[in-house]
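Comments concern the structure below.
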Amino acid sequence: MSNPGWGGAPDGGIPPQPRCVRHQDRPTALSCTRCGRPACPDCLREASVGYQCVDCVAEGNKSIRQPRTIAGATMSSQRATPLVTYILIALNVAVFGVTAAQSGSVMNNAAGSSLFADWALVPVMLAAPGEWIRVIGSGFLHFGIMHLAVNMLVLWIIGRDVEAALGRARYLSVYLIALLGGSASVVWFQSLMAPTAGASGAVYGLMGALAVILLRLRRSPGSIVAVIALNIVISISVPGISLFGHLGGLVAGAAATAGLLYVPQWRKATGDTAAKLGWAAVAVVAIVTIGLIAARALQLRQQFVIG
């Protein structure tokens, strides 16, 4: 009887030198400090005490809890870069570049731009078929270079922290839901013929998200609440700013983040169950927001006949 890991002596003489359990053609005097099996240098990894074989290292890694964000997203060194924030900024800048090129102006890019005309959120236009692109597209349009610069600066400042706290997928979900929340508020409460554009609703949603994150971490949200209050005052005081778009985005973003962070806590869930509950809460907020937009579109379709 022979043992492939330790070699054998068919003739009953002196036992041969042990062989690596993974490479039977390699004699070795080394062994794993955890399981004791012989292993060649290629199959050993340095450990806190001695060396362990690759099988024991893999088994040990399974028992290590992977670090997660406060929202339950897995963390890695690669996520130190706020990639989603940078992509969102790039998309907004790219869309602005197209509208500026079409209009021939960076200050009055709305005039003469077919893309701006097709994507700007004019509530009454939702009565027509095929106009739903305005609900999302309007969140990537901006009235002039200053409008773009202010929104992108705030997105860069706040977005990085929110992305780090929530993780990329959850952060993007909150951003898009906040954008939809701003659109829902606009189509319900704003003038039917007034065009609305800008990432402000989504950015306000990130402000609300940051406030919820700070509360969940049991840290004072006073600073971000003061910023929100100041911006609401500006929205009320300065003509031409969409107050309803800002408030809708704020409420939707905060609600989605609260669902991510508090629903699993209320249910006392952990691990994958907590992650699923958080995503379910986000889905509920998204469904409600889209439902509000759809209900308003149906109402407008009944009110106006557009051929």
Side-chain angles (χ1 to χ4, degrees), residues 82-111 113 115-116 119-122 134-164 171-172 174-186 190-191 194-211 213-214 221-254 257:
L83 181 62
V84 176
T85 297
Y86 293 156
I87 291 175
L88 290 171
I89 292 174
L91 287 173
N92 278 276
V93 172
V95 171
F96 178 81
V98 172
T99 60
Q102 290 177 340
S103 66
S105 172
V106 297
M107 300 304 294
N108 192 24
N109 59 304
S113 170
L115 181 63
F116 207 106
W119 282 13
L121 183 57
V122 183
R134 297 176 184 275
V135 171
I136 291 289
S138 61
F140 292 91
L141 297 173
H142 289 86
F143 290 103
I145 188 69
M146 291 306 297
H147 187 202
L148 172 73
V150 170
N151 276 343
M152 294 305 100
L153 176 62
V154 178
L155 175 57
W156 181 72
I157 293 172
I158 295 179
R160 294 176 300 166
D161 291 337
V162 177
E163 182 173 351
Y171 166 71
L172 179 59
V174 169
Y175 183 92
L176 294 176
I177 289 173
L179 192 158
L180 290 171
S183 295
S185 183
V186 165
Q190 197 158 293
S191 173
T196 300
S200 304
V203 169
Y204 266 74
L206 296 184
M207 292 183 190
L210 184 56
I213 290 168
L214 291 173
S223 297
I224 189 63
V225 170
V227 171
I228 293 171
L230 176 62
N231 278 272
I232 290 175
V233 171
I234 293 173
S235 300
I236 296 172
S237 306
V238 179
I241 295 180
S242 175
L243 173 64
F244 293 116
H246 293 173
L247 293 178
L250 175 66
V251 172
T257 307

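Keep in mind that what you see is a predicted model, and the values were worked out from it rather than measured. Numbers here are sequence positions counted from 1.
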Any Phe244 side-chain heavy atom under 4.5 Å of Thr196 side chain: no
Considering all heavy atoms, the nearest His147-Gly198 contact: CE1-CA, 3.8 Å
4.5 Å side-chain heavy-atom contact, Tyr204 and Val251: no
Side-chain donor/acceptor of His142 to backbone N/O of Ala199, under 3.5 Å: yes
Spatial distance of atom CD1 (Ile136) from atom OG (Ser183) [nearest 0.5 Å]: 6.5 Å
Heavy-atom pair with the smallest gap, counting every atom of Val186 and Ser242: CG2-OG, 3.7 Å
Donor on one side chain, acceptor on other, Ser200 and Asn151, under 3.5 Å: yes
Sidechain-backbone polar pair: Asn231 side chain, Val227 backbone, donor-acceptor under 3.5 Å: yes
From CA spacing to verdict: side-chain contact (heavy atoms from CB on, under 4.5 Å), Leu250, His246: CA-CA 6 Å; Leu250 175 66; His246 293 173; over 6 Å; no
N/O donor-acceptor pair under 3.5 Å between Arg160 side chain and Pro82 backbone: no
Note, Leu206 side chain near Tyr171 side chain (heavy atom, < 4.5 Å): yes
Interatomic spacing from CD1 in Ile232 to CD1 in Ile241 - rounded to 0.5 Å: 12.0 Å
Donor-acceptor contact present, side-chain Asn109 to main-chain Gly144, <3.5 Å: yes
With sequence neighbours excluded, residues passing ring-ring contact (aromatic ring centres under 6.0 Å, His included) with Tyr175: none
Non-hydrogen side-chain atoms of Trp119 and Arg134 separated by less than 4.5 Å: no
Side-chain heavy-atom pair Leu172, Ile87 within 4.5 angstrom cut-off: no
Asn92 (side chain) donor-acceptor with Leu141 (main chain) under 3.5 angstrom: no
Shortest non-hydrogen separation from Leu179 to Val135 and the atoms involved: CD2-O, 3.3 Å
Test side-chain contact (heavy atoms from CB on, under 4.5 Å) applied to Met146 - qualifying residues, sequence neighbours left out: none
Polar side-chain atom of Thr99 near backbone of Phe96 as donor-acceptor pair, under 3.5 Å: yes
Note, Val162 side chain near Val174 side chain (heavy atom, < 4.5 Å): no
Set of side-chain contact (heavy atoms from CB on, under 4.5 Å) partners for Ala194, sequence neighbours left out: Gln190, Ser191
Nearest non-hydrogen partners of Ser185 and Gly248, listed with the distance: CB-CA, 3.7 Å
Closest heavy-atom pair and its distance - Ala252, Ala178: CB-CA, 4.0 Å
Heavy-atom donor-acceptor pair, Ser138 side chain to Ala197 backbone, under 3.5 Å: no
Heavy-atom pair of closest approach, residues Pro195 and Ala120: CB-CB, 4.3 Å
Side-chain touch Ile224/Ile158, heavy atoms, less than 4.5 angstrom: yes
